[in-house]
There are 2 protein chains.
Amino acid sequence: MPRITPERREAKRAHIMAAARRCFSRDGFHQTSMPDIAAEAGVSAGAPYRYFASKEEIILAIAADAFRLIFDPVEQLAAAADAPSVADLVAAALAALSVETVADSAGRPVPVDELLRCAVQTWSEVLRDDAVRSRALEGFESVRRSIADALCRGQTAGVVPLAMEPERGARMVMGLLHGLLLQRAAFDLTEMTGFDEDIRILLEGTERPGASSR
Amino acid sequence: MPRITPERREAKRAHIMAAARRCFSRDGFHQTSMPDIAAEAGVSAGAPYRYFASKEEIILAIAADAFRLIFDPVEQLAAAADAPSVADLVAAALAALSVETVADSAGRPVPVDELLRCAVQTWSEVLRDDAVRSRALEGFESVRRSIADALCRGQTAGVVPLAMEPERGARMVMGLLHGLLLQRAAFDLTEMTGFDEDIRILLEGTERPGASSR
DNA sequence: CTCCAACGTAAATGTTCATTCATCTTGACG
DNA sequence: CGTCAAGATGAATGAACATTTACGTTGGAG
């Protein structure tokens, strides 16, 4: 099979995706043309079509990546934590918004602010593209279930009020995360320290002595 | 001046804006063409240009409307309430997401779900369009200030923890509101009752006897 | 070392779309 | 009522863009 070696192919695909992500982050999905992406990647206009069937498919890949890279840490923390309080969950989620870069599946560093900007744009696509919508809903429900499970464990351990309905509680945690994600991407939220303390103050009525702010 | 009477002109402009809002809500800003808008309004392709200089200007008008109609009630409640707790503010904000229609400046009813879908798409525009960005930031800051002021009054009255920083508290309230707005528009959040109770449970540790669901 | 399928290129294609314009219609003022 | 500037029309325009294609290039299997 005298094509290219699989690793080379994978690397080039990732190279084109990274170029697309930069373009999308800068100009938006629909203000970025395929020639723009090709130029950013330093290849000819037809080259991306060797790796993606259409622009739609690039958007889908970028959107899936953005959600996964942002929410995987949150989901893993929710699944791993023993009996987290609501404040623990929120603080862990916000920590995921505060880092500079995350690693993709092959260990390549990806700037978080690019992911956030792509995620915000993906929300618009969710409203009208069924492929994006079903993937996004699937990811959302997965994270929400993890958080709801964690809240149930917290209720058993007595650190989460029994009267609170875990499904709604998980929706609120997701909402706060989405909302601060939006502020970070679009509404000039630059300073992330202090939120975990304030959340603890609001939810537990007390400041925690051994604070964990970075 | 044998043009049209000012009320007629205003009414037709609103008619075209309503058509545009339906199109944008259904298909998105960039999948809606100017002929689409004209057809939805039942006029010819050139007609909208008598009322708006460009498609950009229609998007700007719709975006401004969407933010204003959703957040004006929140801002007014925050400004009017005497010494609201955080739970009061959140509950009031969520109530604004639960209604079917709101009235625009001339008293015409506007479906809230159309506004929510336009608002989500506006976030994408904020990332790359300076005119949309400056208007959105202005509106955001205005609401945020109202909430922060209300939190300060709450601190004076002793219903908001003094240790919480009001600026960050206002950002969190806005975040929760934006996040649940997003879930309502894009992530299948249909049932809005119960959130106000859960918020009270989380923040005050107690269920309020005379509950105000809805 | 050779070969050839896959890769990469860049121009071409066919379509879509925002905006304009020449022309007809209308409605309010005198 | 008649006038005429503004309103409305819809075909025309020109640019942009996603995708295709015809052709040259290359890397790795044999």
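Naming convention: chains lettered A, B, ... in sequence-line order (proteins, then strands); numbering from 1 in each chain. All values below come from the heavy atoms of this structure, side chains included, with hydrogens, waters and symmetry mates left out.
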Quick check on contacts: within residues 28-45 of chain B, what sits under 4.0 Å from DNA chain C by heavy-atom distance?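 Listed by number, they are B:Thr32, B:Ser33, B:Met34, B:Pro35.
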Please list, chain by chain and in numerical order, all residues satisfying side chain to side chain donor-acceptor pair (under 3.5 Å) with B:Arg184, sequence neighbours excluded.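 Once residues adjacent in sequence are excluded, B:Arg184 has no partner under the side chain to side chain donor-acceptor pair (under 3.5 Å) criterion.
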Donor-acceptor pair, side chain of B:Arg117 and main chain of A:Leu127, under 3.5 angstrom: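 It does hold such a pair.
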Are the side chain of A:Gln183 and the backbone N or O of B:Arg171 linked by a donor-acceptor pair below 3.5 Å?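 Judged by distance alone, yes, a pair lies under 3.5 Å.
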Under 4.0 Å, heavy atoms only, any strand: does B:Phe52 hit a base, just the sugar-phosphate, or nothing?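 No contact.
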Do any pairs count as a side-chain hydrogen bond (donor to acceptor under 3.5 Å, both in side chains) and have a residue in residues 34-48 of chain A, sequence neighbours left out, and if so which ones?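 The answer is A:Arg22-A:Glu40, A:Arg26-A:Glu40, A:Ser33-A:Asp36.
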Scan for side-chain hydrogen bond (donor to acceptor under 3.5 Å, both in side chains) pairs involving residues 49-63 of chain A, sequence neighbours excluded, and state none if there are none.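 Matches after skipping sequence neighbours: none remain.
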Would you say a side-chain N or O of [X] is under 4.0 Å from OP1 or OP2 of [N]?
X	N	value
A:Arg9	C:dC7	yes
A:Lys12	C:dG8	yes
A:Lys55	D:dC17	no

With sequence neighbours left out, what residues match A:Ala106 under side chain to side chain contact (heavy atoms under 4.5 Å, CB included)?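 Side chain to side chain contact (heavy atoms under 4.5 Å, CB included) list for A:Ala106, sorted by chain: A:Asp104, A:Arg108.
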Results of side chain to side chain contact (heavy atoms under 4.5 Å, CB included) for B:Asp149 - residues two or more places apart only: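 B:Asp149: side chain to side chain contact (heavy atoms under 4.5 Å, CB included) contacts with B:Arg153.
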Between [atom2] of [N] and [atom1] of [X], the distance in whole Å:
X	N	atom1	atom2	value
A:Tyr49	C:dT13	OH	C1'	13 Å
B:Ile16	D:dG7	CD1	C1'	11 Å
A:Asp27	D:dA16	CG	P	15 Å
A:Tyr51	D:dA18	OH	P	20 Å

Please tabulate the protein-to-nucleotide N/O contacts below 3.5 Å involving nucleotides 22-24 of chain D, giving atom names and distances.
none

Got a sec, which pairs hit ring-ring contact (aromatic ring centres under 6.0 Å, His included) with one end in residues 6-25 of chain B, sequence neighbours left out?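 Sorted pair list: B:Phe24-B:Phe29.
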Closer to the 5' end of DNA chain C via nearest nucleotide, is it B:Gly46 or B:Thr5?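 Closer to the 5' end of DNA chain C: B:Gly46.
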Do any side-chain atoms of residues 59-79 of chain A form donor-acceptor pairs under 3.5 angstrom with protein atoms, and if so which ones, sequence neighbours left out?
residue, atom, partner, partner atom, Å
A:Asp65, OD1, A:Arg68, NH2, 2.8
A:Glu75, OE1, A:Ser142, OG, 3.4
A:Glu75, OE2, A:Ser142, OG, 2.5
A:Glu75, OE2, A:Ser146, OG, 3.3

